[in-house]
Protein chains: 2
Amino acid sequence: MDRPDETGGGAGPTRGREATRARILASAKELFTNEGYGSVSSRKIAAHAGVNVALINRYFGAKRGLLTELLREDGVYPGLIVDGPRDQLTRRLAEHAVSRLHGEGTALQRALDDSAGDPDLRSVYQGRITSAMIEPLAAYLGGPEQRAHALLLASVLLGVARVRLVEGAGALCEMERETITRRVQDLLELCLKDFEDGDAA
Amino acid sequence: MDRPDETGGGAGPTRGREATRARILASAKELFTNEGYGSVSSRKIAAHAGVNVALINRYFGAKRGLLTELLREDGVYPGLIVDGPRDQLTRRLAEHAVSRLHGEGTALQRALDDSAGDPDLRSVYQGRITSAMIEPLAAYLGGPEQRAHALLLASVLLGVARVRLVEGAGALCEMERETITRRVQDLLELCLKDFEDGDAA
DNA sequence: GGTATATGTAAACACTGTTGACCTGTCAAA
DNA sequence: TTTGACAGGTCAACAGTGTTTACATATACC
């Protein structure tokens, strides 16, 4: 039952459960970053890690498990942007969105954004967006309409991300950064308005 | 060089270039509609159409060509919603978005929306969204900032569509339909504001 | 009739993710 | 020390995928 490996007690053995897991994960991270999820095969990851293909499924269940693990470690949609003063929430979110629009952030984040549409990853991202974006937002906002407000915020944030994939978002990136950030912020602010006042036109 | 088929001049022969093309396309449409793009294999389409697999690639280049053709025929993102009185543009777009949010529209449309993330289809949807959504919007809007405005509109529209895939959009669908439509319309309206006025708070 | 050409067929290719059977080395108990 | 158990690793195969190539066939024209 106990682990018989790490006999030397060293920091980095090249074999054994944890060492192999780590090497696979590191290879996956590097390859996904440079080539995207869909373009990297299990065998390629295994070869790069100097490890047998079957071990990927042994340790991560399936290829998708690698990405799940990377997301868990890296926190691609960090709840961090939610935390902070309430009156600056939309500003933080807008800056985050525009930053993503400009392709900033970790190379891995960019790669995973690009791979988000893969059918194999759909359930992964679905759960991730819900648990790391919509639910934290709803909890942070509070109130009876928290979920609707959170979904609207998510719509704008995801929409901006999506238009980058489709278009490169050239025209938006060419604008003064503060201008587009301000506009996104205004959109987010509008998402948060109460739903009572029907027709303010 | 000329077409030797359709010798009888009948309406529906079961062999020959056009007949085969049509049968493949009809099968693809039916299967994609019911099972989505990624879950339907080339062989399955061919079997359903009673046709050899190789003919798919002969007549449509590749599997993706089937979907390109279906999109071309069906006009999934019709420029129709753009046409109309200018002061009702956002209303039309909002109604369209909310309608999609509720999963209305053709079954095929719904299926293709769901398949939009497939890596194999990325270039197809990229071109389609650009040519059938962003460019018509930009042309319709006019002005020096037309492209930025069109991209912002697209962000909201695509974002609303995306949140449906992720969440089922339960909370948004449970709301009074007019309320959510109004809110989306307001968001779209805000997208169209000039970028000059920097800080209206 | 002969022949070029369009259409349809069968089989393979080069992949993919995944799995099951099989070694192998190390540790614990007898 | 011998035995047995078991975690860790290897290999080959499975069942799929999209796509292509070489071949057979039927049609239409000269």
Checklist entry - Which pair of heavy atoms, one from A/R177 and one from A/V98, lies closest together, and at what distance? => result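 Closest approach of A/R177 to A/V98, heavy atoms only: NE-CG1, 3.9 Å.
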Between [options], which nucleotide has the shortest distance from any of its atoms to the side chain of [X]?
| X | options | answer |
| --- | --- | --- |
| B/A54 | D/dC11, D/dG8, C/dA10 | C/dA10 |
| A/N57 | C/dG8, D/dT19, C/dT18 | C/dT18 |
| A/R43 | C/dT18, D/dG18, C/dT9 | C/dT18 |
| A/S41 | D/dG8, D/dT20, C/dT16 | C/dT16 |
| B/K63 | D/dT19, D/dG9, C/dT18 | D/dT19 |

Checklist entry - Taking OP1 and OP2 of C/dG8, is either one under 4.0 Å from a side-chain nitrogen or oxygen of B/N52? => result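 The answer is no; no side-chain N or O of B/N52 sits under 4.0 Å from OP1 or OP2.
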Quick one: [X] [atom1] to [N] [atom2], roughly how many Å, whole number?
| X | N | atom1 | atom2 | answer |
| --- | --- | --- | --- | --- |
| A/I56 | D/dG8 | CD1 | P | 17 Å |
| B/D118 | D/dT17 | CG | C1' | 12 Å |
| B/Y37 | D/dT17 | OH | P | 13 Å |
| B/K44 | D/dA15 | NZ | P | 18 Å |
| B/E18 | C/dG8 | CD | C1' | 16 Å |
| B/R58 | C/dT5 | CZ | P | 15 Å |
| A/Y59 | D/dT10 | OH | C1' | 12 Å |
| B/R17 | D/dT25 | CZ | C1' | 18 Å |

Item to check | CE-CZ distance between B/M175 and B/R182, expressed to the nearest 0.5 angstrom | outcome: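 Rounded to the nearest 0.5 Å, the CE-CZ separation comes to 12.5 Å.
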Checklist entry - Just how far is it from atom CD of B/Q185 to atom OG1 of B/T90, taken to the nearest 0.5 Å? => result 4.0 Å
Next on the checklist: Parallel, tilted or perpendicular: which one describes the rings of A/H149 and A/F195, with boundaries at 30° and 60°?
Outcome noted: parallel
Checklist entry - A/Y125 versus A/D118: any side-chain heavy-atom pair under 4.5 Å? => result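 A side-chain contact under 4.5 Å is absent here.
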Checklist entry - Between B/D120 and A/T20, who's closer to the 5' end of DNA chain D by nearest nucleotide? => result A/T20
